[in-house]
Asks: 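First the structure, then my questions, so here it is.
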Protein chains: 2
Amino acid sequence: MITIKDIAERANVSRTTVSRVLNESGYVSEDARKRVMKVIEETGYVPSEHAKSLRTKKTKVVGVILPKISTETAARVVNGIDDVLAKEGYQILLANTNLRTKKELEYLKLLQSRQVDGIILMATNLSKEILMQIKELKVPFVALGQDIPDQSSVFYDDYRAAQEMTELFIKEGHDRIAFIGVDESDRAVGYLRKRGFLDTLEKHGISIEETYIETAEFSSEAGYEAMERILETSEERPTGVFAVTDRLAIGAMKCLKEKGIVLPQDMKLAGVGASELSKYVTPALTTIDFQYEEAGAEAAKLIMNKVIHNQKTVKKFKLNYGIIRKDSL
Amino acid sequence: MITIKDIAERANVSRTTVSRVLNESGYVSEDARKRVMKVIEETGYVPSEHAKSLRTKKTKVVGVILPKISTETAARVVNGIDDVLAKEGYQILLANTNLRTKKELEYLKLLQSRQVDGIILMATNLSKEILMQIKELKVPFVALGQDIPDQSSVFYDDYRAAQEMTELFIKEGHDRIAFIGVDESDRAVGYLRKRGFLDTLEKHGISIEETYIETAEFSSEAGYEAMERILETSEERPTGVFAVTDRLAIGAMKCLKEKGIVLPQDMKLAGVGASELSKYVTPALTTIDFQYEEAGAEAAKLIMNKVIHNQKTVKKFKLNYGIIRKDSL
DNA sequence: CTGTTAGCGCCTTCAA
DNA sequence: TTGAAGGCGCTAACAG
């Protein structure tokens with residue numbers, strides 16, 4: 001491996017001088033600079049970031065922990081993060097937990113040992129353990145998707161969004177509205193969206209039919225099955241279905257179609273996420289746009305502020321959302 | 001920052017001993033080991049990977065260069081890569097070029113300077129420059145999606161897949177088949193798929209109508225517009241459309257629907273990629289499944305073989321594909 | 001403007 | 001079974 005020392009020798013200067021031209025710091029004569037540059041060109045020398053990091057304690061790398069890389073949401077968020085980081089010359093070190101919560105802990109440690117300059121956690125379930133770990137973190141940290149107490153967080157207004165969507169159903173004259181949610185250990189998606197839904201029904205004096213409320217995993221298949229259960233167990237068929245993600249909604253839609261229930265005539269349907277899918281299914285899906293790229297970008301900006309400008313204060317960023325009204329509701 | 005030295009002092013041993021228990025190498029008395037472990041626990045010490053890398057020249061990080069993170073294809077490939085790497089304790093350092101070819105060069109350099117143990121490049125356009133850079137790379141390298149001469153590559157059988165799909169159109173009695181492709185500088189998607197299509201037509205003695213052949217960017221909007229152009233410029237309307245990606249096909253489908261052309265009665269349509277989208281549009285899209293996760297996994301396995309077992313030979317891996325027959329063709 | 005020197009935190013001989 | 005010493009490649013005082 002070719003090092004700064006080799007360059008120095010070949011260019012007849014000291015390592016310091018080489019370092020200076022490399023980092024454009026301090027005075028270097030045009031002459032020396034040229035010689036150094038020439039040797040660098042010739043040799044194809046690339047300075048070692050590790051050695052550099054060891055001295056400077058900076059890596060220009062941000063760790064991103066996420067529950068699953070191959071979902072549209074995650075991909076869009078990462079995209080938003082990368083946009084901002086790349087501009088500052090930072091890179092992403094991926095840590096994919098594949099939905100295994102235990103991995104979150106591991107990665108939190110691993111990323112520290114890799115001396116990442118900051119960590120963004122796309123949080124799902126927030127166990128006590130995780131919260132503890134985060135608190136003890138020495139690295140700048142930003143939570144994404146959940147509001148973590150005492151930590152800078154970028155999150156969606158899950159509660160109000162769900163509320164507003166539910167209002168829409170009611171305004172359209174529905175009072176038999178089914179709900180397909182996810183486990184409440186996911187506070188944002190599971191708990192808050194459900195609360196928004198239930199509270200709104202209550203507010204309007206609509207009684208809650210238990211058979212209308214189903215819980216599923218994060219997949220369209222699960223959405224399909226949840227829809228099936230709702231149809232089977234309900235005495236009176238609901239006239240609308242609110243699913244907490246587009247995938248679930250799409251699964252439900254498939255089920256409805258197969259049962260010969262025509263959308264949007266016989267049944268209204270809405271999801272959350274403004275996924276690509278939602279635009280292209282028939283009928284197009286009414287959904288909530290949480291602007292995932294922007295979420296990623298905001299989280300990245302927060303991290304950059306901490307990393308570059310050493311900003312210490314805890315910032316909360318609640319993102320806007322918009323209801324995208326399409327044919328399904 | 002707490003270092004191995006601190007641990008050594010607190011545990012009343014030398015740094016060497018601490019290092020030994022950390023790496024489970026060499027002899028350490030149970031007694032010493034316990035003391036060290038205890039101090040590590042108490043202090044929450046995490047060894048610096050940088051310092052380690054500096055000595056060992058290993059980072060347990062693989063750089064992945066890709067053209068765009070927020071596409072389903074990329075996400076699925078990355079997922080496949082991560083699956084394999086994670087098992088070996090390796091992580092992904094992301095390098096997203098956002099379709100800017102120049103960035104590929106930059107990142108190739110950057111990743112080297114970060115001493116990644118290997119590089120996987122999801123290649124698109126293969127300029128001379130890139131090829132040169134790759135040749136001079138000192139790090140294990142695998143190309144994904146394109147077959148790069150003299151380099152280990154995992155790629156799809158684009159030509160034959162396009163051929164087979166075209167055969168399917170012909171077998172179904174079509175001889176007025178339109179084609180929506182992408183720029184040929186993308187050898188796999190742009191050039192090979194087009195050649196597969198054209199050669200097959202020729203083989204069957206079907207003359208090629210110039211107005212049936214369109215080129216677009218990688219987006220559904222572009223697919224829409226390409227479809228529009230085909231309909232406008234063609235004297236006789238085609239009876240089938242083959243688009244080289246599902247996105248393009250979906251865009252075309254939207255256009256057709258808006259013009260009141262009914263699928264699949266009035267027009268057949270096929271795409272490539274077996275995207276989520278393809279399953280849920282109506283009619284469901286006939287498409288080619290290239291198994292992107294597997295592609296990523298294979299690439300990762302190749303890299304791991306090189307990195308861990310120091311395997312030097314150039315390996316080529318042409319992936320299987322399957323035609324997924326749905327309602328659109 | 002340039003070079004000398006001293007580490008950053010870790011692993012790895014080598015010797016005890 | 002343990003420790004001392006040296007060095008990985010780089011930057012940052014400090015002197016010239």
Side-chain angles (χ1 to χ4, degrees), chain A residues 1-40 43-61 89 109-117 138-139, chain B residues 1-37 39-40 43-61 109-117 138-139:
Chain A
M1 190 196 189
I2 165 157
T3 76
I4 199 171
K5 200 173 145 227
D6 304 320
I7 306 295
E9 279 166 10
R10 290 223 209 186
N12 257 316
V13 293
S14 71
R15 293 172 308 175
T16 314
T17 304
V18 178
S19 173
R20 285 204 182 96
V21 348
L22 247 26
N23 300 292
E24 301 176 16
S25 63
Y27 299 104
V28 182
S29 67
E30 243 336 271
D31 190 42
R33 148 169 287 112
K34 273 193 184 141
R35 284 204 319 276
V36 171
M37 290 304 264
K38 183 148 168 280
V39 177
I40 290 180
T43 54
Y45 162 70
V46 199
S48 152
E49 288 295 323
H50 290 298
K52 200 187 277 188
S53 298
L54 193 56
R55 283 256 20 182
T56 60
K57 306 292 168 209
K58 295 252 163 254
T59 56
K60 292 226 161 193
V61 171
K109 231 180 217 152
L110 185 58
L111 289 178
Q112 280 190 89
S113 76
R114 291 200 187 285
Q115 315 274 140
V116 294
D117 291 344
K138 307 253 179 330
V139 193
Chain B
M1 191 197 189
I2 165 158
T3 76
I4 199 171
K5 199 172 145 227
D6 304 319
I7 306 294
E9 280 167 10
R10 292 221 208 187
N12 257 314
V13 293
S14 72
R15 295 172 307 176
T16 314
T17 305
V18 178
S19 174
R20 286 202 181 97
V21 349
L22 247 27
N23 301 292
E24 301 177 15
S25 63
Y27 298 105
V28 182
S29 67
E30 242 337 89
D31 190 45
R33 150 169 285 110
K34 273 194 184 140
R35 286 207 313 278
V36 171
M37 289 305 263
V39 177
I40 290 180
T43 53
Y45 162 70
V46 198
S48 153
E49 288 295 324
H50 289 297
K52 201 186 277 186
S53 299
L54 193 56
R55 283 253 22 183
T56 61
K57 308 289 168 209
K58 295 250 163 260
T59 56
K60 292 227 160 194
V61 170
K109 233 181 215 151
L110 185 58
L111 289 177
Q112 280 191 89
S113 76
R114 291 200 187 285
Q115 314 276 137
V116 294
D117 290 344
K138 306 253 177 331
V139 193

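Chain letters run A, B, ... following the sequence lines, proteins first and then strands; every chain starts at 1.
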Asks: Which pair of non-hydrogen atoms, one from T59(A) and one from R114(A), has the smallest distance, and what is that distance?
Replies: CG2-O, 4.1 Å
Asks: Quick one: on DNA chain C, does D31(A) or N23(B) contact a more 5' nucleotide (nearest heavy atom)?
Replies: D31(A)
Asks: Look at K57(A) and dG9(C) and indicate whether a side-chain polar atom (N or O) is within less than 4.0 Å of OP1 or OP2.
Replies: yes
Asks: Identify which nucleotide among dT2(D), dC10(C), dG9(C) has an atom closest to any side-chain atom of L54(B), counting heavy atoms from C-beta outward.
Replies: dG9(C)
Asks: Which listed nucleotide (dG6(D), dG9(C), dG3(D)) is nearest to the side chain of S14(B)?
Replies: dG3(D)
Asks: To the nearest angstrom, how far is R20(B) atom CZ from dT2(D) atom P?
Replies: 8 Å
Asks: Between dA6(C), dT1(D), dG9(D), spot the one nearest the side chain of T3(A), thanks.
Replies: dG9(D)
Asks: Counting N and O atoms only, with roles assigned by atom type, does the side chain of R35(B) sit under 3.5 Å from a partner on the main chain of A11(B), one being a donor and the other an acceptor?
Replies: yes
Asks: Side chain of R55(A), base of dG9(C): donor and acceptor closer than 3.5 Å?
Replies: no
Asks: Distance check needed: dC10(D) C1' versus H50(B) NE2, whole Å only.
Replies: 13 Å
Asks: What integer distance in Å separates E9(B):CD from dG9(C):P?
Replies: 12 Å
Asks: Side-chain donor-acceptor pair under 3.5 Å between T16(B) and S19(B), yes or no?
Replies: no
Asks: Whole angstroms only, please: what is the CG-C1' distance between D6(B) and dC8(C)?
Replies: 13 Å
Asks: For dC10(C), does either OP1 or OP2 sit under 4.0 Å from a side-chain N or O belonging to Y45(B)?
Replies: yes
Asks: Check the distance between dT12(C)'s P and Y27(B)'s OH and give it to me in whole angstrom.
Replies: 17 Å
Asks: Nearest to the side chain of K52(A), heavy atoms from C-beta on, is which of dG9(D), dT1(D), dT11(D)?
Replies: dT11(D)
Asks: Ignoring hydrogens and angles, tell me if any N or O in the side chain of S53(A) forms a donor-acceptor pair with the backbone of K58(A) under 3.5 Å.
Replies: yes
Asks: What is the distance from atom CG of L22(B) to atom CZ of R15(B), rounded to the nearest 0.5 Å?
Replies: 13.5 Å
Asks: Just the rounded figure in Å: distance from P of dG9(C) to CG of L22(B).
Replies: 15 Å
Asks: dA12(D) base to S25(A) side chain: any donor-acceptor pair below 3.5 Å?
Replies: no
Asks: Send over the distance from R15(A) CZ to dG7(C) C1', rounded to a whole Å.
Replies: 11 Å
Asks: Look at the side chain of S19(A) against the base of dA12(D) and say whether a donor-acceptor pair falls under 3.5 Å; ignore hydrogens and angles.
Replies: no
Asks: If you check the I4(B) side chain, which of dC10(D), dG3(C), dC11(C) turns out closest?
Replies: dC11(C)
Asks: Please report the distance, rounded to the nearest Å, between NZ in K5(A) and P in dT5(C).
Replies: 15 Å
Asks: Confirm from the modelled atom types if T16(A) and dT4(C) form a donor-acceptor pair under 3.5 Å, side chain to base only.
Replies: yes
